[in-house]
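Data block below; observations after.
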Amino acid sequence: MRPGLTSISCVVPCLNEHDNLSLLLPELMDVLRQLACACEIIIVDDGSTDDTAALLRHWTNLHPEIVYLRLARNFGKENALTAGLKAARGQVVVCLDADGQHPPELIARMISVWREGADMVYGVRANRNDETTVKRLGTRLFYSLMRTSDGLQVPADAGDFRLMDRVVVDALLKLPERDRFMKGLFAWVGFDARPLLYEPLQRLHGKSNFRISKLFKFAVGGLTAFTTWPLRLLSIAGLSLALLSFAYGLFIILKYWLYGDAVRGWSTLITVVLFFAGINLLSMGILGEYIARIFTEVKQRPLYLLRERSGQGLRQMHGDDSVDAGFSGGRVSGSSGAASEGPEARHDVGDDGHAH
């Protein structure tokens with residue numbers, strides 16, 4: 001059994017979730033107050049175009065335990081999650097969505113499992129009745145393909161709703177990938193991870209920002225980031241087709257020698273040529289996906305740029321009075337002091353796109 005909980009951070013990435021956040025924040029704050037420990041709520045605005053910024057500035061003025069991180073543009077949910085994890089200071093960190101489908105009241109149960117010795121407690125959906133048939137079938141296919149990776153087990157129906165011990169968060173932040181597939185990274189770091197079954201709630205307002213095209217791109221990114229079986233499949237297909245072609249060539253030669261039958265069949269020839277041309281193009285496309293990942297990594301660009309930060313959170317508790325300034329020179333509020341820059345001031349650029 002672990003000792004009592006001293007502090008907790010909640011990371012909530014969002015994109016145009018003004019109406020949902022208006023309902024989620026009061027409920028989440030009530031749940032955290034019942035835990036009787038220091039807490040912070042980190043809202044990561046991933047390029048919202050609605051009134052999210054005005055709402056969060058109002059909340060950070062009223063409640064210093066709320067931290068508002070506004071990214072310079074839409075960098076994607078995976079990078080927004082990374083920004084929130086990097087800003088989190090709690091002994092445990094809880095990730096949940098802003099649409100209200102992740103019940104905040106389950107945080108207490110997650111903490112109970114954590115106290116029993118678990119390093120990570122991840123929510124597993126009891127059903128997917130709120131999703132379309134196409135999405136359910138695609139999700140099932142995706143997880144079955146992910147299970148073919150080398151020793152990596154990504155739990156099916158487990159999303160970003162999870163509680164992590166500080167040791168897990170620190171391990172995730174050490175991973176250098178620019179192309180981040182968080183579900184795979186959660187599984188890759190290992191530790192003592194335990195599932196917690198839950199019923200997803202109905203989305204409070206609006207519609208999901210995910211589309212089939214985005215989900216397909218997300219799936220391809222996950223497969224190429226954590227599996228190499230597409231490359232191996234190409235090798236097997238190439239070897240098999242080469243052997244079949246060699247056998248068919250021998251058959252034609254033997255038939256000509258034995259029966260003197262002239263080689264004919266232009267339609268067959270054209271079909272075979274087009275078939276192999278398609279195989280070559282498909283192979284180049286798969287190779288291109290892996291090369292694109294290499295290209296993204298070697299550029300070493302920041303994962304995100306921070307435009308604005310408001311609120312204190314747990315920074316004062318941990319003696320962290322530094323100000324994270326984005327490249328764009330955006331506003332940073334809620335700090336205990338201003339950052340001074342002299343003629344010889346130097347800023348080192350970190351992976352998060354901040355100047356330190």
Side-chain angles (χ1 to χ4, degrees), residues 7-18 20-22 24-25 28-29 32 38-90 92-99 102 160 164 166 169-170 172-173 178 180 182 209 301-318 320-339 347 349-356:
S7 60
I8 182 173
S9 301
C10 288
V11 175
V12 185
C14 66
L15 176 62
N16 297 328
E17 298 285 5
H18 170 275
N20 289 327
L21 286 171
S22 300
L24 175 65
L25 285 174
L28 185 57
M29 291 184 66
L32 295 180
C39 64
E40 67 177 356
I41 301 174
I42 301 173
I43 308 295
V44 186
D45 184 355
D46 190 25
S48 296
T49 56
D50 60 1
D51 294 328
T52 297
L55 174 69
L56 268 300
R57 291 186 194 120
H58 172 72
W59 275 90
T60 54
N61 288 332
L62 294 179
H63 305 280
E65 64 269 27
I66 296 179
V67 177
Y68 174 48
L69 302 180
R70 187 182 184 188
L71 305 188
R73 64 171 176 83
N74 178 248
F75 287 91
K77 184 181 179 182
E78 310 299 287
N79 290 345
L81 267 177
T82 302
L85 293 177
K86 190 171 182 65
R89 299 290 184 268
V92 299
V93 179
V94 176
C95 300
L96 67 161
D97 290 346
D99 57 9
H102 296 161
D160 298 320
M164 294 172 286
R166 169 52 54 181
V169 176
D170 291 341
L172 287 169
L173 294 177
R178 259 62 186 172
R180 301 179 76 83
M182 294 304 295
N209 291 308
R301 287 178 181 169
L303 295 176
Y304 58 88
L305 301 178
L306 186 61
R307 178 179 178 181
E308 175 184 346
R309 173 168 182 154
S310 303
Q312 290 290 340
L314 295 174
R315 289 197 300 171
Q316 286 186 335
M317 173 182 171
H318 289 263
D320 182 5
D321 295 328
S322 62
V323 176
D324 293 331
F327 285 141
S328 60
R331 53 180 283 182
V332 180
S333 60
S335 60
S336 58
H347 298 281
V349 179
D351 291 343
D352 55 357
H354 300 162
H356 302 290

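Here the structure is a predicted model, which is why all the values come from computation and not from measurement.
- Side-chain contact between R73 and L305 is absent, with no heavy atoms from C-beta onward closer than 4.5 Å.
- Contact annotation: the side chain of L303 never approaches that of F75 to less than 4.5 Å [non-hydrogen atoms, C-beta and beyond].
- Side-chain contact between E65 and L32: absent, with no pair of heavy atoms (C-beta onward) separated by less than 4.5 Å.
- The shortest distance between side-chain heavy atoms of V12 and L96 falls below 4.5 Å.
- Comment: D97 engages K77 in a salt bridge, judged by a side-chain N to carboxylate O separation of less than 4.0 angstrom.
- A side-chain contact (heavy atoms from CB on, under 4.5 Å) with I43 is found for exactly one of L25, L55, L69, namely L25.
- Proximity of L85 to C95: side-chain heavy atoms (C-beta onward) are separated by under 4.5 Å at one or more points.
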Checklist entry - Do R70 and E308 pass the salt bridge (charged side-chain N to carboxylate O under 4.0 Å, His left out) test, and can you show the C-alpha distance, the side-chain angles, and the key distance before you say yes or no? => result CA-CA 5 Å; R70 187 182 184 188; E308 175 184 346; 3.5 Å; yes
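- The one candidate from L15, D45, T49 that meets the side-chain contact (heavy atoms from CB on, under 4.5 Å) condition with N74 is L15.
- In this structure, the side chains of L81 and V44 stay at 4.5 Å or more apart for every pair of heavy atoms.
- No donor-acceptor pair closer than 3.5 Å links the side chain of D46 to the backbone N or O of A80.
- Side-chain atoms of T82 and M182, non-hydrogen and from C-beta on, do get closer than 4.5 Å to each other.
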